[in-house]
Amino acid sequence: MTYQQYDSLDYAQVAAEVLTYWNQNQVFEQSVALRDGQPDAPTNRFTFYEGPPSANGTPGIHHVMARTIKDIFCRYKTLRGFQVERKGGWDTHGLPIELQVEKELGITKDDIGKTISVEEYNRRCRETVMRFTDQWNDLTQKMGYWVDLDNPYITYKNQYIESVWSLLRQLYDKNLLYKGYTIQPYSPKAGTGLSSHELNQPGTYKDVRDTTVVAQFKAKLTGKSAYLFDAAESDDVYILAWTTTPWTLPANSALTVGKDIDYVLVRTFNAYTYQLVNVVLAKALVSRWFAEKNRVENMYDPAFDAYLLSEHTASQPIPWAVVMDMKGEHLTDIEYEQLMPYVQPSTPAFRVILGDFVTTEDGTGIVHTSPTFGADDFRVAQVAGIPPIMVKDETGKDVPIVDKQGRFVAEITDFAGRYVKEEYYSDEDRSDPDFKATDVLIAIKLKEENKAFRVEKYEHPYPHCWRTDKPILYYPLDSWFIRTTAVKDRLVELNKTINWQPESTGTGRFGNWLENLVDWNLSRSRFWGTPLPIWRSESGEEVCVGSIKELVDLATTALESGKLSDEQHERNDKFVTVVAGSALDPSVSFDLHRPYVDEIYLISPNGQLMQRESDLIDVWFDSGAMPYAQWHYPFENKEVFERSFPADFISEGVDQTRGWFFTLHAIGVMLFDSVAFKNVVSTGLVLDKNGNKMSKRLGNAVDPFQTLAKYGPDATRWYMITNAEPWDNLKFNVDGIGEVQRRFFGTLFNTYNFFALYANLDGYSIDSTRATDWVSREQLPELDRWILSKLNTLIRDVTEQYESYNPTKAGRLVQDFVTDQLSNWYVRLSRRRFWAGGTSQGELSLDKRAAYQTLQQCLVTVSQLMSPIAPFFADWLHRNLTSGQQPDATNSVHLTNWYSVDEAAIDTDLERSMELAQEVSSLVHSLRKGHKLKVRQPLSRVLIPVLSSDTRRQIEHVAPIIMAEVNVKAVDFVDDASGILKKKVKPNFKALGPRFGKQMKDVAAAITAMTSDELKSLEQAGTLHLDPYTLQLSDVEILTEDIPGWLVASEDGLTVALDVTVTDELRREGIARDLVNRIQNLRKDQGFDVTDKIRIELEPTDALLVEAVQMNSDYIRQEVQAVSLDLISDLNGNATEIDMDEFRLRLKVVVA
RNA sequence: GGGCUUGUAGCUCAGGUGGUUAGAGCGCUACACUGAUAAUGUAGAGGUCCGUGGUUCGAGUCCACGCAGGCCCA
């Protein structure tokens, strides 16, 4: 065979060609089919779950990153012999799609059902969601992501929805699905809840001036509070709490303090009633409410009596004194009198509780808590067992004291029917001179009742509804929940069995969050999503539907009941006819989305009409349900599901910790008591090169298609993977791809081309099936055995990294091997072996075969080790090196078996030897440079002081390599016995530390000051007494310092001395080598072929030159392939004149 | 405000369990090599290891408190 040679390489072109090859030969399909030995043997399977992207937007460069990670481990496991099926998928539901449709149609959610029908809206969503599928498929192909996109799961399909329903039904049956409420942003004027997304729109937060109240909550005298009453010597002890929403005060049922916050009890007077009060507030906020100048020494100060007896005016200074200090935890469980007793709670309330959200930034450090109007309040109250203040509506249901229009209910007698926010009144109402806001009326009432400590206007930002421009309320809204808290312990426990990469995401970000889990709010008030399959009657009868068949049966029963209206009957009939008529095939043209599903009516056992709860479910449930729903489990594919659950591996962005990672885990644990995935790699963000988030708006987003077209997928993937570990944020800089391309791929390509050039010249090809072609290990030269040892060490280390899901380290190892060891050392030092000798004898020399065989083996192995990361280039390289061996259609690196480590090839002693050779060479180069002795000038010897026979042996081993590399005639050693070695001793801190501790400084000084006699005695006896310390040999490091009269360089304990004497003979050799160099240049300048023989004629312009030529004639002729080298006194005009260092050269070179 | 995370040369990143002189690549400068050649090698310059305290004989590394960036939550 011949090896394809290349002048230059277009990496994108290479990838395109390889892609064509893959497609033509179905290499991906082959790679899966190949491992189809034992389909039921779990050890042979590696299951990957695709976290589906949404095709309603175009892919970005970060998708290349995320998918590269996924691809790497699936490819790697395939090479390891696993069958890795990768079913693709599309995420199709959710708010972004609704918003996009609304934007395109220029409508808002208000218009749905008015200017646009729900059917039409639904249809538009369905179209939008797959809009960019083509671009996604294109990216998938071009970046080399192997995933089955021919049979993807699609979350809006009826099969998928039916599976989701079945899961919900199972949760429902386990009593893990229930209806409750949460506190959400709510717009009374729009009559709807707002998502956090809507709340984050620009302009929703506006500065408003609200009436704020510091209310006085009167403490009750109990065991818990007695110490306050004792200290105050008074019955009037109040707890102060500040609120910017006084209208929530009638709903107060608790006060929240911070456990470790410092509080004080202050004696003072109420500014409105002038009554003596003792108030509790945070110490840090005393200055916020009390002027320092009015402070008095203590509670017995005469200023208090004086104030009491005075005529009170508003501007009169009010004296105050701190009575005592306490921590928040000492206030816990103190009871107080209800501030505005309109409505009584069902269970005991009105006490002080702890909360982690309390700060001393503002207010009093004590938070007025009303569980119906604050999310934090709701949460802490629930934990502390504090009931909300609620009233019964006409159906007997508990509702808050503010109705859905934002007005107080009748029970709040004084304010019944009043809007709680003044902005809800019309402009006309508000312009009435007598108009007073409800907050103001409440403040007045509290002042009169000695319940207001301070009332003031306060400007602060407050969220507004983006549709009505009116302030929102935080308000309890009905929701369906999954009772994840019921299985919290199991969630935590099973999470500990998952291998998280990086670990901190699993234990920290995810683990901590699980510890503080709340129930999963499943409800979304939207249109385009999986409908909640629960039907309910007015009186609360309900049914959770778990399959299409069940729904058909129920609808049929309803039809037969005779209780449906004509229209309801017609709708149900349509549904039943279509679905039942198709034998329940879920792919029939009945849409389970809104509005159609809402038009199915059921009848309860009591004969009441049941309608579907209007909620959709959180799209995250769709995603978390994919292990089951992608197979339409449990309706179909039971075995397929069972053998592919749980996943061995998944990967997504770290920002999805509480998204997909959680929902997969939660559903798996709740329904199957199992983890849903065993290994997970969470990936960081891809930022722009300045570390800013990429966004289309800012214009700093990188177009993945352009990048792939310019640099090719391999360099792009390699750069992304090796530059930063996947979970670190990547600062994406295209210059970095160029660097990877030059440094790694360029070097590898050059190395291959070098191999191909000579292999073709020599007609060399390797047939791995014929063992006789192989040079046995014993016969391999040192250099070959060394690089093969390195190669096997590399296989071992790279395998280890892939196994532990660290592609970055794997890639860096391969890269360092290729650039540093293989190219820079092995190939450079072996170059001569490839061109030396010819093929004229017909047989290649053993050494030459060894060189080809070794280099080929290295390259083939590298192609496999790199193939998970750079699949195209690796396959290109692999097939270039091997295409003679196998029928083409099945030849791909991706169809090979992972190389096992040849332990016998690993020779750490040899590796150490070569390291020493590299170090010695580097030191000699450094010395040469320092003395301006170029490498072409041979020198007689280097001298290496050695203290151990091991080191000596190891260097001797590679002395020929050193000699060739640095152009010296000999490598000599000086050991201890020579007597000329000067030794230096250094303390070994690591050994000394534990023994001497504080005395280290003294010991170190004593060691450094050691005389050479003392050192000698330490070396001989193995121990030395340096008063007052006794030292062991292992307590010191002995280094050689220098050799008197020699040039030395040292590094890492290794010292090298160079003999820089240039004898006449060396000088002549140097000139000869210079001459060779010039002639080689001429050969090239004149465009001679590598194999051309030449004749040389040379003018004897210099005596030294003549001598050099005469004495080294054989050498020169051999090097430049000259058949003759003649000294001719007069080369007329056609001689070339060349500058040598010390003289000019005239010569003529012609092809023989 | 909370959880997690990052901060080391101009840039991108390495730096098990603490050990005294902190490394690599790119870029820069100089030199070398010239049968891998729009390739390659060697050397040099370049550091307040984010800051402040602490533990220790010794801190880039451990602890505390900050600062700055990021993600996810409130």
Side-chain angles (χ1 to χ4, degrees), chain A residues 7-8 196 356-359 361 375-376 379 502 504-513 515-516 653-659 682 684-685 687 689 691-693 719 722-725 727-733 735-736 738-740 742-744 746-747 749-758 808-809 812 815-816 819-820 823-825 827-828 831-832 834-836 921-930 932-936 965-966 986-994 996-1004 1051-1052 1076-1078 1080-1081 1083-1085 1088-1091 1119-1121:
Chain A
D7 290 338
S8 66
S196 58
D356 53 10
F357 59 90
V358 181
T359 70
E361 304 254 301
D376 278 333
R379 186 166 50 83
S504 62
T505 303
T507 54
R509 186 188 272 253
F510 191 61
N512 289 349
W513 183 68
E515 296 286 351
N516 297 305
V654 69
D655 55 345
Q656 305 222 352
T657 311
R658 293 167 193 193
S682 65
L685 258 62
L687 308 169
K689 63 180 173 185
N692 299 312
K693 213 170 164 171
Y719 164 73
T722 57
N723 195 56
E725 294 192 311
W727 37 89
D728 280 343
N729 290 345
L730 171 69
K731 286 184 196 162
F732 187 89
N733 187 347
D735 295 344
E739 189 183 320
V740 158
R742 278 194 306 279
R743 177 149 185 82
F744 176 59
T747 304
F749 163 69
N750 276 330
T751 306
Y752 165 74
N753 235 8
F754 174 84
F755 170 83
L757 172 68
Y758 290 105
T808 304
K809 291 213 165 77
R812 286 176 180 172
Q815 181 169 318
D816 289 347
T819 57
D820 297 347
S823 169
N824 183 29
W825 196 252
V827 171
R828 202 155 51 78
R831 261 153 61 183
R832 177 168 284 271
F834 288 90
W835 75 68
S921 300
S922 164
L923 288 169
V924 173
H925 278 305
S926 171
L927 284 171
R928 275 183 171 276
K929 180 186 164 10
K932 298 204 181 302
L933 289 163
K934 49 190 182 181
V935 180
R936 231 181 275 134
E965 172 66 8
V966 299
K986 268 175 68 180
N988 178 354
F989 287 96
K990 208 163 183 168
L992 293 165
F996 293 103
K998 280 186 197 296
Q999 303 160 307
M1000 277 293 283
K1001 283 208 166 76
D1002 287 346
V1003 180
E1051 196 178 78
D1052 288 338
V1076 167
N1077 162 248
R1078 301 306 193 273
Q1080 298 286 33
N1081 284 351
R1083 283 185 62 119
K1084 234 171 61 186
D1085 290 348
F1088 292 178
D1089 197 80
V1090 172
T1091 51
E1119 285 296 302
V1120 300
Q1121 302 184 60

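Letters A, B, ... are given to chains in the order of the sequence lines, protein chains preceding strands, and every chain is numbered from 1.
Nucleotide A36(B) has no partner under the Watson-Crick or G-U criteria, as no pair reaches both atom distances under 3.5 Å. Base pairing of A43(B): its partner is U29(B), meeting the Watson-Crick or G-U wobble criterion (both donor-acceptor distances under 3.5 Å). In this structure C71(B) sits in a base pair with G3(B), meeting the Watson-Crick or G-U test at under 3.5 Å. A24(B): Watson-Crick or G-U partner is U12(B), with both key distances under 3.5 Å. Both distances falling under 3.5 Å, in either a Watson-Crick or a G-U wobble arrangement, place G53(B) opposite C63(B).
Atom P of G46(B) sits at a distance of 14 Å from the matching atom of G23(B), rounded to the whole Å. The P atoms of C50(B) and A14(B) are separated by 14 Å, rounded to the nearest whole Å. Separation of the C1' atoms belonging to C11(B) and G27(B) is 8 Å when rounded to the nearest angstrom. The same atom, C1', is picked in C71(B) and in C26(B); the two are 29 Å apart, to the nearest Å. Going from the P atom of G15(B) to that of U56(B) covers 29 Å, rounded to whole Å. Spacing of C1' atoms, C62(B) relative to G44(B), comes out at 36 Å, to the nearest Å. A36(B) sits 39 Å from G16(B) when the P atoms are compared, rounded to a whole Å. Here, G47(B) and C63(B) have their P atoms 29 Å apart, quoted to the whole Å.
At least one side-chain nitrogen or oxygen of Ser922(A) sits closer than 4.0 Å to the OP1 or OP2 atom of A43(B). Dashed line: the shortest gap from a side-chain N or O of Arg743(A) to OP1 or OP2 of G25(B) is not under 4.0 Å. When the side-chain nitrogen and oxygen atoms of Asn1077(A) are compared with OP1 and OP2 of U34(B), one or more of them lie within a distance under 4.0 Å. Between Arg812(A) and C13(B) there is no side-chain polar atom (N or O) within less than 4.0 angstrom of OP1 or OP2. In this model, the phosphate group of U34(B) is approached by a side-chain N or O of Arg936(A) to a distance below 4.0 Å at OP1 or OP2.
For the pair Val827(A) and Asn512(A), both in contact range of RNA chain B, the more 5′-proximal nearest nucleotide belongs to Asn512(A). Ranked by how close their nearest RNA chain B nucleotide is to the 5' end, Thr751(A) and Tyr719(A) are led by Tyr719(A).
Ring planes of Phe732(A) and Tyr719(A): perpendicular class, angle over 60° (limits at 30 and 60°).
When each of Ser504(A), Pro502(A), Ser682(A) is tested with Val654(A) by the rule side-chain contact (heavy atoms from CB on, under 4.5 Å), just one qualifies, namely Ser682(A).
We find that Asp820(A) and Arg743(A) are joined by a salt bridge, their nearest charged nitrogen and carboxylate oxygen being less than 4.0 Å apart.
Between the side chain of Arg742(A) and the base of C26(B), no donor-acceptor pair of N or O atoms lies under 3.5 Å.
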